[in-house]
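Letters A, B, ... are given to chains in the order of the sequence lines, protein chains preceding strands, and every chain is numbered from 1.
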Number of protein chains: 2
Amino acid sequence: MRKRRTKDDWTDIALRALVEGGVAAVAVEPLAARIGATKGSAYWHFPNRDALLTATLERWEREHTEAVIARVQAEPTPLGRLRRLFAVALEDSRDNAVELALLAAKDDPAVAPVLRRVTDRRVDYLTDLFHDIGFPDDAARGRAVLAYSAYLGQAQLLAAAPDLVRRRGLLDDTLAVVTARG
Amino acid sequence: MRKRRTKDDWTDIALRALVEGGVAAVAVEPLAARIGATKGSAYWHFPNRDALLTATLERWEREHTEAVIARVQAEPTPLGRLRRLFAVALEDSRDNAVELALLAAKDDPAVAPVLRRVTDRRVDYLTDLFHDIGFPDDAARGRAVLAYSAYLGQAQLLAAAPDLVRRRGLLDDTLAVVTARG
DNA sequence: ACGGTTCCATACGGGGGCGTATGGAAGGAG
DNA sequence: CTCCTTCCATACGCCCCCGTATGGAACCGT
């Protein structure tokens with residue numbers, strides 16, 4: 001077994017802990033126990049717990065946010081992209097958990113900027129999508145916020161009361177409603 | 001100044017702390033300091049920290065969930081009630097904060113049952129509303145979940161990125177979209 | 001006013017997470 | 001092989017929160 005760990009080894013388990021237990025679970029000592037090491041390693045790679053958390057969040061942001069958008073861009077039509085976006089976003093419960101963890105810790109100074117960037121990026125992308133679908137600039141942004149709200153809310157419900165949101169046709173319903181002309 | 005405190009005094013500040021700092025902020029010692037007492041008082045009124053938290057949540061559930069619904073029922077038309085519900089729900093940032101705190105701590109055994117009951121109650125009420133508006137039973141429930149998702153999402157955004165959701169006409173937009181016939 | 005009950009302050013031990021210091025092991029360069 | 005750098009284990013002190021024990025103050029009935 002390898003003895004030495006890298007920064008990435010640490011952000012790896014930190015991310016896993018984040019998914020499972022939220023921001024509070026990104027704690028040096030429990031993580032060290034889990035990775036089969038001691039704090040000594042962590043505090044060599046990172047100056048403190050906050051730096052570890054920040055590195056973890058930034059890595060997630062770098063690797064996942066754009067990945068989803070890239071995957072969605074494969075779809076030929078804007079409406080298809082929107083549909084795929086919702087499907088992909090709500091299916092990947094791992095990614096979802098990070099999102100909810102960030103929302104839950106939005107006041108943490110390490111979390112706020114990441115959350116802000118990710119939110120802006122996603123709403124912007126949705127705005128483009130609605131624009132391409134045919135909504136004028138202003139309405140497109142409104143729909144984007146609405147759609148993103150619906151996504152966030154469904155993600156929450158999915159975690160808190162799964163039976164409510166696991167209904168046949170909810171995805172199609174949501175899409176139909178969100179893209180309906182005024 | 002009064003020296004002796006009641007159970008309600010404790011759940012009062014516990015609720016205030018919950019609003020400001022989430023479930024984790026409902027901690028005996030900080031609360032005691034804040035109320036100008038010591039742990040001794042808390043541990044006389046409650047067997048442990050969990051009991052205090054539970055009492056706080058149940059009190060909030062008792063006093064606020066139904067209050068909102070009662071207030072909304074004053075509106076004459078179902079559509080008016082729906083509109084008022086959204087307006088009231090999103091304006092009361094205090095109540096909103098509790099909601100988000102519960103969502104953020106949904107895995108806490110003291111929180112889960114309350115969250116579940118509140119969610120069910122609200123979705124049920126929304127279902128009735130959509131039914132009264134004219135949607136058949138099945139569609140009404142779908143719209144209720146959708147509307148509640150939109151509310152949750154907007155509450156999140158309101159806390160995380162207020163400028164995005166503070167747009168003129170978003171409320172009307174949301175209502176129009178959510179009540180649109182398929 | 002006095003005796004019992006209700007309430008609470010103080011003091012203590014425990015656990016868990018943070019951060020520091022220090023000695024030493026593992027790996028690479030020569 | 002040797003030396004130097006990189007990495008990490010151990011041990012320590014600190015803070016914060018939980019929960020318990022105990023003596024005593026405040027309140028109430030009579």
Side-chain angles (χ1 to χ4, degrees), chain A residues 1-59 101-102 104-112 114, chain B residues 1-59 101-102 104-105 107-112:
Chain A
M1 57 176 173
R2 262 167 53 261
K3 310 279 286 191
R4 289 160 105 93
R5 286 104 195 159
T6 67
K7 262 175 142 74
D8 280 356
D9 289 333
W10 279 100
T11 51
D12 264 0
I13 39 156
L15 184 59
R16 226 171 303 156
L18 179 65
V19 167
E20 293 165 12
V23 170
V26 179
V28 173
E29 281 172 324
L31 255 44
R34 190 163 158 181
I35 208 179
T38 65
K39 303 194 290 185
S41 175
Y43 283 102
W44 191 90
H45 289 290
F46 305 92
N48 52 43
R49 180 253 179 187
D50 230 64
L52 168 59
L53 176 58
T54 300
T56 305
L57 295 178
E58 287 178 348
R59 188 178 167 194
L102 297 198
K106 64 179 163 6
D107 292 331
D108 187 311
V111 170
V114 180
Chain B
M1 59 175 170
R2 262 166 52 261
K3 310 280 286 192
R4 287 160 105 93
R5 287 107 193 155
T6 66
K7 262 174 140 74
D8 280 356
D9 289 334
W10 278 100
T11 52
D12 264 0
I13 40 157
L15 184 58
R16 225 171 306 156
L18 178 66
V19 167
E20 294 166 11
V23 170
V26 179
V28 173
E29 282 172 325
L31 255 43
R34 191 163 157 182
I35 207 179
T38 64
K39 303 193 291 185
S41 176
Y43 282 102
W44 191 88
H45 289 290
F46 305 92
N48 52 43
R49 181 253 178 187
D50 231 63
L52 168 59
L53 176 58
T54 300
T56 305
L57 295 178
E58 287 178 348
R59 187 178 167 195
L102 297 199
D107 292 332
D108 188 312
V111 170

Checklist entry - B/R4 has an atom CZ; how far is it from atom C1' of D/dC27, in whole Å? => result 5 Å
Checklist outcome for this item: By nearest-nucleotide position on DNA chain C, the 5'-leaning member of A/V28 and A/G40 is A/V28
Item to check | Per B/W44 side chain, nearest of listed nucleotides D/dT20, C/dG17, C/dC8 | outcome: C/dC8
Next on the checklist: Quick check on D/dA9: is either OP1 or OP2 less than 4.0 Å from any side-chain nitrogen or oxygen of A/R5?
Outcome noted: yes
Checklist outcome for this item: Side-chain atoms of A/E29 come closest, of C/dC18, C/dC8, D/dC18, to C/dC18
Item to check | A/K7 NZ - D/dC7 P separation (whole Å) | outcome: 10 Å
Item to check | Residue B/A37, side-chain heavy atoms: nucleotide from D/dA26, D/dC8, C/dA9 that is nearest | outcome: C/dA9
Checklist entry - Can you tell me how far C1' of C/dC7 sits from CH2 of B/W10, to the nearest Å? => result 12 Å
Checklist entry - Nearest-Å distance, CZ (A/R34) to C1' (C/dG16)? => result 17 Å
Item to check | Nearest-angstrom distance from the residue atom CG of A/L53 to P of C/dC18 | outcome: 11 Å
Next on the checklist: Both A/G36 and B/P47 contact DNA chain D. Taking the nearest nucleotide for each, which residue is further toward the 5' end?
Outcome noted: A/G36
Next on the checklist: Just to be sure I understand the rule, does A/S41 reach a base, reach only the sugar-phosphate, or reach nothing, if contact means heavy atoms closer than 4.0 Å?
Outcome noted: sugar-phosphate
Next on the checklist: Would B/R5 and B/S41 count as a side chain to side chain donor-acceptor pair (under 3.5 Å) here? Give the steps.
Outcome noted: CA-CA 7 Å; B/R5 287 107 193 155; B/S41 176; 5.2 Å; no
Checklist outcome for this item: Which of D/dC18, C/dC8, D/dC8 is nearest the side chain of A/H45? It is D/dC8
Item to check | Value in whole Å for how far the P atom of D/dC17 lies from CG of B/D50 | outcome: 16 Å
Checklist entry - Do B/D9 and B/R4 sit within salt-bridge range, that is, some charged N less than 4.0 Å from a carboxylate O? => result no
Next on the checklist: From CD1 of B/I35 over to C1' of C/dA9, roughly how many Å is that when rounded to an integer?
Outcome noted: 14 Å
